[in-house]
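Okay, so here's the structure we're looking at.
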Amino acid sequence: CFPEKRAAERAAIGRRTLRNLARAFVDHGVLARASREEFERFVRVEGAENLTDPANRPLILVAPHFVGLDAGGVRINTFARGVSIYARNRSADWNSWLLAIRNRFNKPLLIEREGFDLRAALRALKQGLPFYYLPDQDPGSRNGVFAPFFGVDAATLPTVARLAKLTNAKVMMCVTEMTPDGYVLHLEPPWRDYPSGDVVADTARMNAEIERWVRRLPDQYLWTHKRFKTRPAGAPSVY
């Protein structure tokens with residue numbers, strides 16, 4: 001993803017990513033046990049007005065897979081009850097602990113990814129619940145479209161554009177940045193002229209917005225996920 005960087009620079013990003021993942025794991029102890037006041041100091045917010053503005057409903061929050069994704073997701077629910085999708089963990093104990101953390105404030109609607117029912121998300125959006133959505137994993141060629149990410153065609157979920165069209169929802173970036181003393185949840189203004197009606201172009205625009213943040217926080221993105229696992233027909237594997 002960074003052909004302009006030397007191999008040693010890319011390797012250093014990889015090492016820092018693993019360090020940040022380890023810290024995020026430990027920080028879940030704060031997410032689980034801190035008082036609400038302590039938690040709100042631990043996860044600060046920039047752009048809260050973009051979330052609380054009643055004009056920004058229905059609302060889809062594009063929340064890419066950065067190491068602070070759980071901290072940001074829980075912080076959203078200190079403002080308003082939200083809706084999100086989660087993947088069940090193979091460890092029942094770890095799964096239960098994560099769900100308890102994610103349910104701490106305002107009893108969000110959490111939809112299991114396995115057997116995901118789009119209608120549940122549609123109903124929640126229409127009811128005014130902000131949708132904290134992580135659309136940047138490889139869904140395979142059957143469920144995705146190919147759109148550029150760092151100049152490479154990547155299988156990408158087109159759900160954001162389709163949901164925005166179906167519900168007339170506003171769409172905004174929602175990125176949680178790890179800092180030396182906690183996290184900052186960045187809530188940007190809604191995208192203009194979105195969706196355009198061209199699903200592939202709209203999905204490419206989403207990838208470009210995610211790429212902008214990955215370039216800003218390269219060692220906080222979850223590179224452990226094989227983002228380019230699915231390749232266009234005839235293209236060689238990158239792994």
Side-chain angles (χ1 to χ4, degrees), residues 1 13-34 39 42-43 60-77 81-121 124 129-144 149 154-160 163 174-178 183 185 207 210 213-214 217-231 237-239:
C1 283
I13 290 173
R15 288 193 296 272
R16 293 197 303 270
T17 298
L18 294 175
R19 178 202 63 192
N20 290 333
L21 276 168
R23 194 196 117 181
F25 175 81
V26 174
D27 283 345
H28 275 73
V30 180
L31 307 187
R33 301 179 64 86
F39 175 72
F42 190 60
V43 186
I60 300 171
L61 300 165
V62 174
H65 281 78
F66 286 88
V67 295
L69 63 91
D70 271 326
V74 176
R75 189 67 163 94
I76 291 292
N77 288 291
R81 181 176 184 241
V83 57
S84 190
I85 300 169
Y86 75 96
R88 178 174 291 276
N89 196 277
R90 285 176 293 181
S91 166
D93 289 340
W94 176 242
N95 193 68
S96 296
W97 193 56
L98 281 178
L99 282 176
I101 290 172
R102 293 165 180 171
N103 274 298
R104 286 199 67 193
F105 305 109
N106 268 324
K107 296 181 180 179
L109 174 60
L110 300 175
I111 305 169
E112 191 171 345
R113 187 175 67 186
E114 289 70 24
F116 168 56
D117 185 357
L118 182 61
R119 293 170 297 180
L129 276 65
F131 186 18
Y132 187 76
Y133 187 44
L134 290 67
D136 58 327
Q137 287 192 321
D138 188 326
S141 56
R142 181 178 178 182
N143 297 315
F149 185 57
T156 307
L157 284 166
T159 313
V160 168
L163 279 177
C174 172
V175 176
T176 307
E177 176 184 3
M178 177 182 282
Y183 296 85
L185 173 64
N207 277 356
I210 295 171
W213 272 99
V214 174
L217 305 170
D219 57 10
Q220 296 190 28
Y221 192 59
L222 266 65
W223 298 111
T224 48
H225 170 66
K226 293 183 177 180
R227 185 65 187 86
F228 303 99
K229 182 178 180 180
T230 302
R231 307 303 307 129
S237 172
V238 298
Y239 298 107

So [Y] and [X], do their side chains get closer than 4.5 Å, heavy atoms only?
{"X": "V214", "Y": "W223", "value": "yes"}
{"X": "C174", "Y": "I76", "value": "yes"}
{"X": "L157", "Y": "Q137", "value": "no"}
{"X": "L69", "Y": "L134", "value": "yes"}
{"X": "T17", "Y": "L222", "value": "no"}

Can you name the nearest heavy-atom pair linking [X] to [Y], along with the distance?
{"X": "A121", "Y": "I111", "answer": "N-CD1, 4.0 Å"}
{"X": "Y221", "Y": "H65", "answer": "CD1-O, 3.3 Å"}
{"X": "N77", "Y": "P108", "answer": "OD1-CB, 3.4 Å"}
{"X": "T230", "Y": "S141", "answer": "CG2-N, 3.6 Å"}
{"X": "Y132", "Y": "G73", "answer": "OH-N, 3.2 Å"}
{"X": "P64", "Y": "V175", "answer": "CD-CG2, 4.0 Å"}

Could I get the full list of salt bridge (charged side-chain N to carboxylate O under 4.0 Å, His left out) partners for [X], not counting sequence neighbours?
{"X": "R90", "value": "none"}
{"X": "R23", "value": "D27"}
{"X": "R33", "value": "none"}

Look only at the side chain of [X] and the backbone of [Y], and say whether a donor-acceptor pair between them is shorter than 3.5 Å.
{"X": "D138", "Y": "F228", "answer": "no"}
{"X": "N20", "Y": "D219", "answer": "yes"}
{"X": "R231", "Y": "A155", "answer": "no"}

Looking at D70 and R102, does any basic side-chain N land under 4.0 Å from a carboxylate oxygen?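 Yes, charged N to carboxylate O under 4.0 Å.
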Is the charged tip of R75 near the ring of Y183: under 6.0 Å from the six-membered ring centre and within 45° of its axis? no
Check against side-chain contact (heavy atoms from CB on, under 4.5 Å), L163 and F131: CA-CA 10 Å; L163 279 177; F131 186 18; 3.5 Å; yes
Output all residues satisfying side chain to side chain donor-acceptor pair (under 3.5 Å) with R88, sequence neighbours left out; order by chain, then residue number. E112
Results of ring pair (Phe, Tyr, Trp, His ring centres under 6.0 Å) for Y86 - residues two or more places apart only: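 Y86 satisfies ring pair (Phe, Tyr, Trp, His ring centres under 6.0 Å) with no other residue.
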Run Y133 and L61 through side-chain contact (heavy atoms from CB on, under 4.5 Å) and show every step you take. CA-CA 6 Å; Y133 187 44; L61 300 165; over 6 Å; no
I would like to know whether D136 and T156 meet side-chain contact (heavy atoms from CB on, under 4.5 Å); could you show each step before the answer? CA-CA 7 Å; D136 58 327; T156 307; over 6 Å; no
Per-pair distances, 0.1 Å, donor-acceptor, side chain in residues 92-101, under 3.5 Å, sequence neighbours excluded:
{"residue": "N95", "atom": "OD1", "partner": "N89", "partner atom": "N", "Å": "3.0"}
{"residue": "S96", "atom": "OG", "partner": "A92", "partner atom": "O", "Å": "3.0"}

When rounded to the nearest 0.5 angstrom, what is the spacing between CZ in R104 and CZ in F39?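 One finds 7.5 Å between CZ of R104 and CZ of F39.
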Kindly determine whether L110 and I85 satisfy side-chain contact (heavy atoms from CB on, under 4.5 Å), including the steps that lead there. CA-CA 6 Å; L110 300 175; I85 300 169; over 6 Å; no
